Novice: 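Pasting a structure here, questions to come.
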Number of protein chains: 2
Amino acid sequence: MSNAYNRPDQLSPELRRRVLETARKLGYPGPDPVARSLRTRKAGAVGLLLTEALSYAFRDPAALGVLEGLALACEDAGVGVQLVPAGPGKENLDAVHRAGVDGFVVYSVPDDDPHLQAVLQRPVPTVIIDQPVVPDVDRVGPDDKAAMTSLAEHLIELGHRDIGVLCMRLTRERRNGFVPRERQENANYHVQRARLAALAEAFEAVGVDWSTVPVVERFEHTIDDGASAAAQLLDAHPHVTALVCTSDILALGALKEASRRRLQVPADLTITGFDGVPEGERADLTTVRQPVREKGRCAGKLLLDPGRRVGRAAVDPEVITLDTELRIGRTSAPPRTAEQRWFGP
Amino acid sequence: MSNAYNRPDQLSPELRRRVLETARKLGYPGPDPVARSLRTRKAGAVGLLLTEALSYAFRDPAALGVLEGLALACEDAGVGVQLVPAGPGKENLDAVHRAGVDGFVVYSVPDDDPHLQAVLQRPVPTVIIDQPVVPDVDRVGPDDKAAMTSLAEHLIELGHRDIGVLCMRLTRERRNGFVPRERQENANYHVQRARLAALAEAFEAVGVDWSTVPVVERFEHTIDDGASAAAQLLDAHPHVTALVCTSDILALGALKEASRRRLQVPADLTITGFDGVPEGERADLTTVRQPVREKGRCAGKLLLDPGRRVGRAAVDPEVITLDTELRIGRTSAPPRTAEQRWFGP
DNA sequence: CCTGGCTACTGAACCGTTAACGTTCGGTGC
DNA sequence: GCACCGAACGTTAACGGTTCAGTAGCCAGG
């Protein structure tokens, strides 16, 4: 029976024909994929764990790029991609336990995410994209520290010393507003932590007291939240000459707010992003471009590469660091001097 | 054992604790999802079949909307969404056969798609979005004919009689260029067929000879292909006063081409789309808005509603028609009169 | 004629879980 | 003190396919 479908060479064409015909007559719909999976120990799909509501992934262009890259890699290998629902707040660990997949790709979850724990307990290979860093687990991501450092140096070279920062959520609990230094350093999102730390280090190196630099956090990652964060920051610190945003989305929001306030970018205010999403490109944003699609592709390949694994564990846990590129657009320029501020350029 | 995990109420807390502890000591990773699926006959996931390469779905905002809606519905029900790779060209029916899912959502495939056949042979419920229409299978979609008729009437009212049409692929085989009427009527994509037919009917009703109306087809569905289609059409028929596009993406391409030619829209040329995607909204495109997200949501709900099914078949196969809305933007206006063309408005 | 080897096919064990069923036992009502 | 009942727990048979050992049948060589 099984042979008739899967090994035409093992039996005579005549018998195969007879078997298949009888099967058809009996209304047999072909081998059951689940039973097959049980026996062969291959589900033919990889799971994608996102910390966000599923629908969010389709809003954020960076997440979309990752998804696209992963889908591409999986398509090549002929396996499906299963979106595992794991919204924040409502912990649904069962979704992780119940997913019939051969491996997981975990995208950008906080250090202490319980879903991640659940994934790691499953006896299947796992690749983490971006964050967090877990010992003995493959990871794909850019060198956030180095990338942010190069961006910071660009701003420093331009002459900015009086900056403000807009960042994404730092913990799983909803919180918005100014972030004291301690919270920055204890953030559960490794990527945000690294970017903030890189900024702090670079600016302290040129004599800026980081504790005076305003950092505003937003839990939701949307253009509107970026705008409101920019507003909050500019209201309290109208003197800043540059807004450094830890994502392009936030930067686009900042641009929106700047335009609402009739601030010239970059003449009155420099704004920078991070990611290099198409929308940012269109706005000619100064940002760090990272190969989002490549991240997904790379993660998929790593997960599916049969040579790399014996049993459940990676042969040799790898951390793949992807190249980033500083992209200088039209949203960054030297700050106005005091005179320029009063008399115009 | 099973009870310890799934029915805490069936045994004493003491025993449960002991069982769980021993399990942990033995390194038992929890019930195997595949074996569970085999036994319970529930995979905890629904498959999404797209006729396009998986990565394409992440490019087309309309497809993305559908995906988002479906993900939303599935998230509510706690089931995953599995993207089934079924790129065009390379037929990979096995991907359909091997997918361990409780049902399929099929999005916009041609009438004669072999993957669709494979899906229908599987003993699981299926919902088709948009196309094709298959007897006894649930379908969710707008009334394309009525929607396109209302758009046509808008153009007719404005005074357009000399139009050109840009449409998406009409068959599975790659083909680009002008489309003779016969090919329009034999298109394997039901939606395109319906939209073209509605246009033809409406314009013939006001005396336009449809066989003189140029229709240009593009296999790929991108802004650039829309632009090249517009170029091809305008080169051959510079006199048209309106370009009707069967999708917003194509219309955005047409806008791009118009701007390249320094044609004023809508003064020199009216351009209309179909779908109502955010990008079109931003361009203030005249279009037909259809609730793409709702399509996905609706399909998911239909598929997962336990009351609607006995065994594999739908109790009462349903065709859900979603409302559309004519959205008049700033890309449509009355055509210039002959004098205006020579002397300006 | 017997044996050895080859091919074509058959049967049974196994994958890990769940759900149904059977057993035991302590408690309650008469 | 006996009969009955329900809760708690142990046992077992599928679920449907794959795989592998084993058998039957055949032909060739000794």
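Residue numbers begin at 1 in each chain, while the letters A, B, ... track the order of the sequences. Please read these numbers as outputs of a predicted model, since none were measured by experiment.
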Novice: My understanding is that only residues two or more places apart in sequence, or in another chain, count here; which of them pass salt bridge (charged side-chain N to carboxylate O under 4.0 Å, His left out) with Asp275(B)?
Specialist: none
Novice: Polar-atom pairs under 3.5 Å, protein N or O versus N or O of nucleotides 12-16 of chain C: list them with distances, or write none.
Specialist:
unit_1: dC14(C); atom_1: O2; unit_2: Arg39(A); atom_2: NH1; d: 3.0
unit_1: dG16(C); atom_1: OP1; unit_2: Arg41(A); atom_2: NH1; d: 3.2

Novice: Kindly write out the residues that satisfy side-chain hydrogen bond (donor to acceptor under 3.5 Å, both in side chains) with His97(B), not counting sequence neighbours, or none if the list is empty.
Specialist: none
Novice: May I have the distance from His97(A) (atom NE2) to dT17(C) (atom C1'), rounded to whole angstrom?
Specialist: 16 Å
Novice: Figure out the CZ/P separation between Arg17(A) and dC9(C), and round it to whole Å.
Specialist: 13 Å
Novice: Would you indicate whether Arg293(A), at its atom CZ, is surrounded by more than 12 heavy atoms from other residues, nucleotides or ligands within a distance under 6.0 Å?
Specialist: no
Novice: I'd like to check the side-chain contact (heavy atoms from CB on, under 4.5 Å) partners of Arg24(B); sequence neighbours left out, ordered by chain and number.
Specialist: Glu21(B)
Novice: Taking only distance into account, with no hydrogens and no angle test, what donor-acceptor pairs under 3.5 Å do side-chain atoms of residues 40-48 of chain A form with protein atoms, sequence neighbours excluded?
Specialist:
unit_1: Thr40(A); atom_1: OG1; unit_2: Arg36(A); atom_2: O; d: 2.8
unit_1: Arg41(A); atom_1: NH2; unit_2: Asp32(B); atom_2: OD2; d: 3.3

Novice: Quick one: which residue pairs count as a salt bridge (Lys or Arg N to Asp or Glu O under 4.0 Å) with a foot in residues 106-118 of chain B, not counting sequence neighbours?
Specialist: Asp111(B)-Arg193(B), Asp112(B)-Arg172(B)
Novice: Got a sec, which residues hit side-chain hydrogen bond (donor to acceptor under 3.5 Å, both in side chains) with Thr222(A), two or more places apart in sequence or on another chain?
Specialist: Asp225(A)
Novice: Which residue pairs pass the salt bridge (Lys or Arg N to Asp or Glu O under 4.0 Å) test with at least one member in residues 93-105 of chain B, sequence neighbours excluded?
Specialist: Asp94(B)-Arg98(B)
Novice: Report the end-to-end axis angle of the helix from dC1(C)-dG30(D) to dC30(C)-dG1(D); each axis comes from five terminal pairs, and the value is rounded to 10°.
Specialist: 60°
